[in-house]
K.L.:
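Sending over a structure as structure tokens; questions will come in a sec.
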Amino acid sequence: MTKPILITGSNGLLGQKLVTLFQENKIPFLATSRGENRLSNLPNENFISLDIQNAKEVEDIFEKIDVSAVIHTAAMTQVDDCENQKNLCIDLNVNATLYLSEICAKKDVFFVHLSTDFIFDGKEGPYTEEAQPNPLSFYGASKYFSEKVLQHTPNLRYAIARTVLVYGIAESMSRSNIILWVRKSLMEGKNIQVVNDQWRTPTLAEDLAMGCYLLAKHQKTGVFNISGIELLTPYDMAVATADFFGLDKSLIEETDGSKFQQTAQRPPRTGFILDKAMNEIGYKPHAFVEGLEILKTQLKN
Ligand SMILES: NC(=O)c1ccc[n+]([C@@H]2O[C@H](COP(=O)([O-])OP(=O)(O)OC[C@H]3O[C@@H](n4cnc5c(N)ncnc54)[C@H](OP(=O)(O)O)[C@@H]3O)[C@@H](O)[C@H]2O)c1
């Protein structure tokens, strides 16, 4: 029998999309997240509660279950929280990655790790995989350290999937994303201010799940950019969202980053060049408007 792929953080946005992808394609998997399973359509036999900060729990699970690969999505993902709670951020984003990578190396399990465009300073985006990181925030630094952990774990076979501003909808989400926030605000008739001086290649969560799966399936080692393909500002995204859902775009005020006081500094211009993932693993992201179409269907359901 084919060994399952283990997902960490299955209650999160990417984790849930991986569960759906694996269920739809009958790919054996084991979903794990801290606390209770929050996905209504995930049977108990496919879920084990796992707190990745607990090295013993991590080790125990690998002693009990033989897996082919790990897709490590769990992390402290709120950028400002990482700035305010640095110890917790290091524990979750770096130390937990160390526990997982050591056990994967020992058991010869392929490791797919999630990283971010926030490892860059945003001076020269869009970036290739070879660009030099220079994080501006503690979150970005923690993810850069986590990449270093993998690079320094002897005998580990791994891929790093770097991604950018992930959007989508899932059950009981612990955080929102720009599309859902813009849509909800405009539906409620609220005025919103959206910046026009940051650039990103926003990523449909389903595309990211597929990219991670392709890396695990082909066991391709190295760094891969896995994001959307269009370079857009948050303001562009907000206007496109308003147009797509037939909402009042006069409620959107174009502004720039200098008007906002945020705890963590954001890189101005990131975004990714995707040639490597497209050529080497057949990654094919949806266009932004196609992503909105997919989201619309899910919101109807
Ligand atoms: N979202 C983005 O825009 C973005 C951009 C670049 C990179 N990434 C990276 O992509 C990955 C997936 O992001 P996402 O959007 O799916 O994030 P998410 O929705 O915040 O999901 C992260 C999940 O990790 C879980 N988790 C946190 N601490 C845990 C622990 N100690 N043990 C087990 N599970 C734990 C969280 O559980 P709770 O739900 O219980 O809190 C949450 O469900 C992350 O590594 C992130 O850094 C995301």
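Every number for a ligand or one of its atoms is a count from 1 in the order of the listing.
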K.L.:
Partners of D243 by salt bridge (charged side-chain N to carboxylate O under 4.0 Å, His left out), sequence neighbours excluded?
P.N.:
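D243 satisfies salt bridge (charged side-chain N to carboxylate O under 4.0 Å, His left out) with K249 only.
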K.L.:
Which option out of G12, G168, P202 puts a heavy atom nearest to atom 42 (C) of ligand 1?
P.N.:
G12
K.L.:
Any salt bridge between E102 and K106, counting N to O under 4.0 Å?
P.N.:
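Between K106 and E102 there is no salt bridge, as every charged N stays at least 4.0 Å from the carboxylate O atoms.
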K.L.:
For atom 36 (C) of ligand 1, what's the nearest protein heavy atom and its distance?
P.N.:
R34 NH2, 4.2 Å
K.L.:
Counting only heavy atoms closer than 4.0 Å, does ligand 1 sit against the backbone of M173, its side chain, both, or neither?
P.N.:
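It is neither part, as no heavy atom is under 4.0 Å.
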K.L.:
If hydrophobic clusters are built by linking Ile, Leu, Val, Met, Phe, Trp and Tyr wherever their side-chain heavy atoms come under 4.5 Å apart, do I65 and F29 end up in the same one?
P.N.:
no
K.L.:
Which atoms from ligand 1 have a heavy atom of D51 less than 4.0 Å away?
P.N.:
30 (C), 31 (N), 32 (N)
K.L.:
Before signing off on this row, confirm whether L13 and ligand 1 have an N or O atom pair separated by under 3.5 Å.
P.N.:
yes
K.L.:
Would you mind checking which non-hydrogen protein atom is closest to atom 24 (O) of ligand 1, with the distance to 0.1 Å?
P.N.:
A74 CA, 3.3 Å
K.L.:
Identify the residue among L136, T116, D121, N134 that makes a side chain to side chain contact (heavy atoms under 4.5 Å, CB included) with P267.
P.N.:
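With P267 as partner, L136, T116, D121, N134 yield a single side chain to side chain contact (heavy atoms under 4.5 Å, CB included), made by L136.
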K.L.:
Would you call K17-E206 a salt bridge at under 4.0 Å N-O?
P.N.:
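Looking at E206 together with K17, the answer is yes, because their closest N to O distance falls below 4.0 Å.
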K.L.:
If you take all heavy atoms of E254 and N196, which pair is closest and at what distance?
P.N.:
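Taking every non-hydrogen atom into account, OE2-ND2, 3.1 Å.
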K.L.:
Taking atom 45 (O) of ligand 1 as the point of reference, which of K143, R200, H72 owns the nearest heavy atom?
P.N.:
K143
K.L.:
How does Y139 reach ligand 1, if at all, at less than 4.0 Å between non-hydrogen atoms: by side chain, backbone, both, or neither?
P.N.:
side chain
K.L.:
Give the contacting part of S115 toward ligand 1: side chain, backbone, both or neither, where contact means a heavy-atom distance below 4.0 Å.
P.N.:
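Answer for S115: backbone.
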K.L.:
When you compare ligand 1 with G15, is there at least one nitrogen or oxygen pair between them that comes in under 3.5 angstrom?
P.N.:
no
K.L.:
Side chain, backbone, both or neither: which applies to M76 and ligand 1 if a contact is any heavy-atom pair less than 4.0 Å apart?
P.N.:
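None of M76 does.
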K.L.:
Measure the distance from atom 3 (O) of ligand 1 to every protein heavy atom, then report the residue, atom name and distance (to 0.1 Å) of the closest one.
P.N.:
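Checked against all protein heavy atoms, atom 3 (O) of ligand 1 sits closest to V166 N, 2.9 Å.
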K.L.:
Heavy atoms only, cut-off 4.0 Å: how does L92 contact ligand 1, side chain, backbone, both, or neither?
P.N.:
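Side chain only.
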K.L.:
Salt bridge (charged side-chain N to carboxylate O under 4.0 Å, His left out) for D60 and K64? Distances and angles first, verdict last.
P.N.:
CA-CA 6 Å; D60 284 353; K64 276 192 219 130; 5.6 Å; no
K.L.:
By number and element, which atoms of ligand 1 are closer than 4.0 Å to a non-hydrogen atom of T73?
P.N.:
11 (C), 12 (C), 44 (C), 45 (O)
K.L.:
Checking a contact table here: which protein heavy atom is nearest atom 32 (N) of ligand 1, and how many Å away?
P.N.:
I52 N, 3.0 Å
K.L.:
Assert yes or no for the condition that the ring centre distance of F22 to Y213 is strictly below 6.0 Å.
P.N.:
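Yes, the ring of F22 comes within the 6.0 Å limit of the ring of Y213, centre to centre.
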K.L.:
Taking both backbone and side-chain atoms of T163, is any N or O found less than 3.5 Å from an N or O belonging to ligand 1?
P.N.:
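T163 vs ligand 1: no N/O contact under 3.5 Å.
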K.L.:
Report, in ascending order of atom number, the atoms of ligand 1 lying under 4.0 Å from any heavy atom of L114.
P.N.:
10 (O), 11 (C), 45 (O)
K.L.:
Could you list the atoms of ligand 1 found under 4.0 angstrom from a heavy atom of L50?
P.N.:
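So the atoms of ligand 1 that pass are 32 (N), 33 (C).
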K.L.:
To which protein heavy atom is atom 13 (O) of ligand 1 closest, and what is the distance rounded to 0.1 Å?
P.N.:
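Answer for atom 13 (O) of ligand 1: T77 CG2, 4.0 Å.
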K.L.:
Quick test: of every protein heavy atom, which one is nearest to atom 14 (P) of ligand 1, and how far off is it to 0.1 Å?
P.N.:
L14 N, 4.2 Å
K.L.:
Give the ring-plane orientation class for F120 versus F272, where under 30° counts as parallel, over 60° as perpendicular and anything between as tilted.
P.N.:
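Ring orientation, 0 to 90° scale: perpendicular.
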K.L.:
Answer yes when K107 and E59 have at least one side-chain N-carboxylate O distance shorter than 4.0 Å, and no when they do not.
P.N.:
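E59 and K107: not salt-bridged.
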K.L.:
I want to check a possible cation-pi pair here: K143 against F118, using under 6.0 Å from ring centre and within 45° of the ring axis as the test.
P.N.:
no
K.L.:
Just heavy atoms, cut-off under 4.0 Å: does L165 contact ligand 1 by side chain, backbone, both, or neither?
P.N.:
backbone
K.L.:
Tell me whether R38 has any N or O atom under 3.5 angstrom from an N or O of ligand 1.
P.N.:
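R38 vs ligand 1: N/O contact under 3.5 Å present.
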K.L.:
Any ion pair linking D117 and R162 (charged N to carboxylate O, less than 4.0 Å)?
P.N.:
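No, no charged N to carboxylate O under 4.0 Å.
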K.L.:
Is the closest basic N to carboxylate O distance between E280 and K220 below 4.0 Å?
P.N.:
yes
